[in-house]
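Here is the structure we will look at.
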Amino acid sequence: MSELTLNYGGKTITFQKSPTTYAIKKKKQDVTSATRGLEATEGKVMGDFTLIEVPASRSTSNDLESSLDEARKDSNVSVGTHVFYFGESNVPLIPDGTLYVVFSANAEKTTILSLFRKYHLNIIEKISDNEYWVQITQKSTNPLKTAALLQNEPTIQIAEPDFFRNLVEYAFQPPTDSLFRDQWHLENEGPSRYYYVGGTGGGVFSPSKFTQGADAKIVATWKHLHSINKPPLGDKEIVVAVIDSGFDIDHPDLYGDGTKVVAPYNFIDNSTNPRPLKTENLSVWHQVNERDEAHGTACAGVAVGATNNRTGTVGACPNARLMPIKAIHTVNEKEVIKWFNHAANNGADIISCSWGLGEGSEIGSSLKNKLQEITTKGRNGKGCIICFAAGNTDPSRTAKVSGLAADPHVICVTASTSGDKVATYSFQGKEVSIAASSSGEASITTCSVGYNYTWRPQSIFMDNGNPYTASFGGTSSACPLVAGICGLILTANKGLTAKRVKDILQKTADKIQDTVNDPNGYINGHSIRFGYGRVNALKAVQMAEKEKPKDAPIPIPNPMPEEGDFKMATVIGIRENGSLNVRWEPKSASSDTISRTLKKGNRVKVMLPKKGNWYQLAPEYVYGKYLKVESGIDEHNLDPKDYLFELPQEGRPDLNSIQLPEVWYPDIKDYWHHCTNERTSESLDHITTLVIHATVGASSSGAISVMKREENPASFHWLVPAEEEYGHEELVWACASEKKRAWHVQNKATHPQVNDGKGLLNDVSLGVEIVNLQDDVDSFSDWQLRITAQIARYCWAKYPNLKHIVSHAALDPSRRTDPGIKFPWEKFITLVLTGEVVTTRGGLIDLPSEENIRKRVPSAKDIEVDESTFKGTCWDHEHNEQ
């Protein structure tokens, strides 16, 4: 067997060539030469390659080589290659023709280019000045030999081939806890399975009470986290605080491995013992009135009950730690604030509260301010996530959410049932954020306290000598279920803010229906019964993992220097040492430097302290003698009518350096004849303006529908898909030729700073449409922002007189607000100026074929859209106006 030894991943690896297998990439399916003559057969498919298996009896070196050579000559084979293995490994490796190459820091650019020419390599991506992805050509040797030759070059530090390989999936092992399969709220498989819940002493429920999929998708979420190499049952560093009555922290489901419980506290007797009181220790009044000492244990079990301890139940986020805070009694707001302070100050990421102040209650400013502080400044500046139960009442009457649960900074949780119906006992209202599976048809099984405690109204049974209940429920159970799901979301992405976690939960919820108990249904996406829908942990985690975490701010040292006056400034240049040249406003010749890598075009405020230096503290501060820089504008307080930016003449990028991964939207050219015009002058010199729009809708197909309307059609040049659509992070849709005049702005619209205040803006402009709901829960993704900036740089490079980048709202403020206050205009400007935009490895060659696009995206002709959805939100135009 042929061998080749390379430095790979910091180790010396021997690659062995397979004597029985090679691989081909087909142009068409009917390739016969690859298997001709040696009784070879097609094996499994790996990426774009098909493995060709040669019988061992016919697999001499010469036979294999001649068969591979014959396959390469076939007109329907684009690539033929040997297959390799790592030493004794049985994982096949197919070289894809690319190499990762890193030069020494002092390598000259001429040396780099000379070596690429020497080995006939094409650059497909420049990562930095000395780091590249390159592609072999027909004149090159095979990728492994080329890598070996490059590794002998003195100026090269790394040269490694890239391979296609199949990932090996290690199957997720579900929990082994004895009652896990009775917990339908984690995975509801419908009536075929759930006839009896809770084991001995548990509840018996009719099969009709269960609807498949009426659950929180917890088991599916665990499997997904496992597939992306995250702790499937939650990160052990995540802490969920439960504020409630007593906690049996000796129960196996709360004790866990002995490290599960952190910072316990009892605010009733000011101790660190949160355990429930036993019956003999209760006063006569409390015994008569059945003081509930079991509620906290049950809630904690639903949220973070430990797993694989040979007994009982499992929480939604079993690996998370528990901070039990025993605190439910008669208090004032000052006392309640102490509970939240204890949670936040001791490292709680999530706080679960299955209690409230009573129906119709209101909270004072002190508690409102504390909730805002905890949810925005806790968790090292990202905010603690606070979940509140909406409340329970007699199903025969209506109760509205109020008090703590109604505060806009918390997640207000109501309940849905095992049949995806309204839990009629739940409070309702516009403040409800989300619904979660709980009692109403079948109850919840979780851990409880023993017979020597009082409880209300739970009945208990024993499992392996430990107490459990199958009659828990209400919003008391729904709330900790959502708290546990928040732990899974943070497992996927710890960098999310509390506000963003709430947004994600609401945006990914399933819109379940109950026409009997929720006759009005969803109005603008919200139901007073279900909030934004029944929580879907899987969708929430999948959305969370895609977002880039934001760095937490570094604490500000104390004391700070005494502050002086602010001055507005614009970054006008970056010096070779990385410092910045700042121009004061109003414009003058005076300037100074600050040692921070901001970008050209940033608007900043510069402060001159009266004494001392400012030190580097957080993103809004810089180190520099007598200088402090912070963001000059709160982007989310900007009015979209002010979204206007004039491109400078200097700094225009090279068109050849910009990759624009655009693909025509399927069948879109069929609609050009009635939704575009010819421009009145030569477009290359005549284009002066790029207009940014956003579709008030959730899909590219919805946006495209305005181009196929018979009456008042509209059009635009590019369309940027939304997060959950095909194409997001891959491509932008081309929707009209740049040579065509698209109807995306009212021709009568004007702006004094655009096109010298003249009308006919469609004739001198290009339009970018971004798919976004434009509501409080749908933020523009980072990729949408960057790819839109890349389109802007492409236009800036291509059109010599392009000067204005402007929002539609600036041109037509009476009719539109897009792209809305959610669009980070200042950051967008910075990306346009600096070129920090999207890079795609291999450019368009990595994009799917048009044939495959048509398989995945419906034809515009076949999309049925409710046109009333878009009335009043599209663009006026005049068909014949030139």
Side-chain angles (χ1 to χ4, degrees), residues 122-127 133 135 645 647 651-666 668-669 672 676 679 683-695 700 703-704 707 715-723 725-742 744 765-772 780-806 819 823 827-850 852-853 857:
N122 287 337
I123 300 172
I124 57 175
E125 182 180 348
K126 178 182 178 182
I127 303 171
W133 281 102
Q135 177 81 44
F645 173 59
L647 290 163
R652 189 180 296 272
D654 178 7
L655 184 59
N656 294 326
S657 69
I658 300 174
Q659 294 179 343
L660 188 59
E662 61 176 338
V663 174
W664 289 111
Y665 195 90
I668 198 64
K669 296 177 184 178
W672 283 0
T676 61
R679 296 189 188 273
S683 60
L684 195 62
D685 292 326
H686 204 55
I687 297 297
T688 64
T689 305
L690 178 67
V691 185
I692 310 298
H693 308 257
T695 294
S700 292
I704 290 295
M707 295 183 69
S715 54
F716 33 84
H717 296 93
W718 294 281
L719 182 65
V720 177
E723 292 93 320
E725 290 192 285
Y726 169 69
H728 187 264
E729 296 189 351
E730 292 179 330
L731 55 86
V732 292
W733 295 115
C735 301
S737 169
E738 295 166 46
K739 295 182 179 180
K740 296 280 187 177
R741 169 190 172 198
H744 62 112
S765 64
L766 296 161
V768 183
E769 191 76 8
I770 310 169
V771 179
N772 185 266
F780 291 87
S781 75
D782 181 71
W783 177 82
Q784 284 183 312
L785 182 64
R786 290 178 177 272
I787 200 67
T788 306
Q790 186 149 311
I791 294 171
R793 284 182 63 81
Y794 161 84
C795 296
W796 187 19
K798 182 173 182 179
Y799 296 96
N801 294 317
L802 184 73
K803 183 179 181 181
H804 312 288
I805 300 180
V806 62
F823 189 79
K827 184 177 179 181
F828 168 70
I829 291 171
T830 300
L831 294 173
V832 173
L833 286 172
T834 61
E836 283 194 3
V837 289
V838 179
T839 56
T840 55
R841 181 177 161 191
L844 289 175
I845 63 169
D846 284 343
L847 295 178
S849 66
E850 186 167 345
N852 286 335
I853 289 172
V857 180

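Since the model is a prediction, treat every value here as computed from it, not as a measurement.
Proximity of His686 to Asn801: side-chain heavy atoms (C-beta onward) are nowhere separated by under 4.5 Å. Counting heavy atoms from C-beta outward, Val720 and Val768 have side chains that approach closer than 4.5 Å. Ile791 places a side-chain heavy atom less than 4.5 Å from the side chain of Val732. Looking at heavy atoms from C-beta onward, Leu766 lies out of side-chain contact with Thr689 at the 4.5 angstrom threshold.
Proximity of a side-chain donor or acceptor of Arg652 to a complementary backbone N or O of Trp796 within less than 3.5 Å is detected.
A search for side-chain contact (heavy atoms from CB on, under 4.5 Å) contacts involving Ala792 returns Leu690, Ile805, Phe828, Val832, not counting sequence neighbours. Partners of Ser700 under the side chain to side chain donor-acceptor pair (under 3.5 Å) rule, at least two apart in sequence or in another chain, are Glu725. Applying the ring-ring contact (aromatic ring centres under 6.0 Å, His included) criterion to His728, with sequence neighbours excluded, gives Trp783. Scanning for side-chain contact (heavy atoms from CB on, under 4.5 Å) contacts around Pro800 gives Leu684, Asp685, with sequence neighbours left out. With sequence neighbours excluded, the residues satisfying side chain to side chain donor-acceptor pair (under 3.5 Å) with Glu738 are Tyr794, Lys798, Tyr799. Among residues two or more places apart in sequence or in another chain, the salt bridge (Lys or Arg N to Asp or Glu O under 4.0 Å) test is passed with Lys740 by Glu678.
Shown are Thr788, Ile770, Leu660; of these, the side-chain contact (heavy atoms from CB on, under 4.5 Å) with Trp718 is made only by Leu660.
Leu719 contributes atom CG, which lies 4.5 Å from atom SG of Cys735 (distance to the nearest 0.5 angstrom). In this structure, the separation between CG on Leu731 and CD1 on Ile787 is 9.0 Å, given to the nearest 0.5 Å. A distance of 9.0 Å separates CD of Glu723 from CD of Glu729, quoted to the nearest 0.5 Å. The structure places NZ of Lys803 at 9.5 Å from OG1 of Thr688, a figure rounded to the nearest 0.5 Å. Here the straight-line distance linking atom CD of Gln659 with atom CZ of Arg793 works out to 13.0 Å at 0.5 Å rounding. In this structure, CZ in Phe780 is found 9.5 Å from CG in Leu785, a value given to the nearest 0.5 Å.
When all heavy atoms are compared, the tightest approach of Ser715 to His744 is O-CB, 3.1 Å. In terms of heavy-atom proximity, Gly727 sits nearest to Pro721 at C-CG, 3.7 Å. Across every non-hydrogen atom of Pro653 and Ala797, the tightest pair is O-CB, 3.3 Å. Residue Glu769 comes nearest to Ala694 through the heavy atom pair OE2-C, 3.3 Å, listed as atom of the first residue, atom of the second, then distance. Looking at every heavy atom in both residues, Gln784 comes nearest to Val771 through NE2-O, 3.0 Å.
At a cut-off of 3.5 Å, with distance as the only test, no side-chain donor of Ser765 or His804 sits close to an acceptor on the other residue. Between Glu662 and Trp733, the side chains place no donor N or O within less than 3.5 Å of an acceptor N or O (distance only, hydrogens not considered).
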- What's the verdict on salt bridge (Lys or Arg N to Asp or Glu O under 4.0 Å) for Lys827 and Asp782, showing C-alpha distance, side-chain angles and the deciding distance? CA-CA 10 Å; Lys827 184 177 179 181; Asp782 181 71; 3.4 Å; yes
- Message: Determine whether Val806 and Ile692 satisfy the following criterion, side chain to side chain contact (heavy atoms under 4.5 Å, CB included), listing intermediate values before the conclusion.
- Response: CA-CA 6 Å; Val806 62; Ile692 310 298; over 6 Å; no
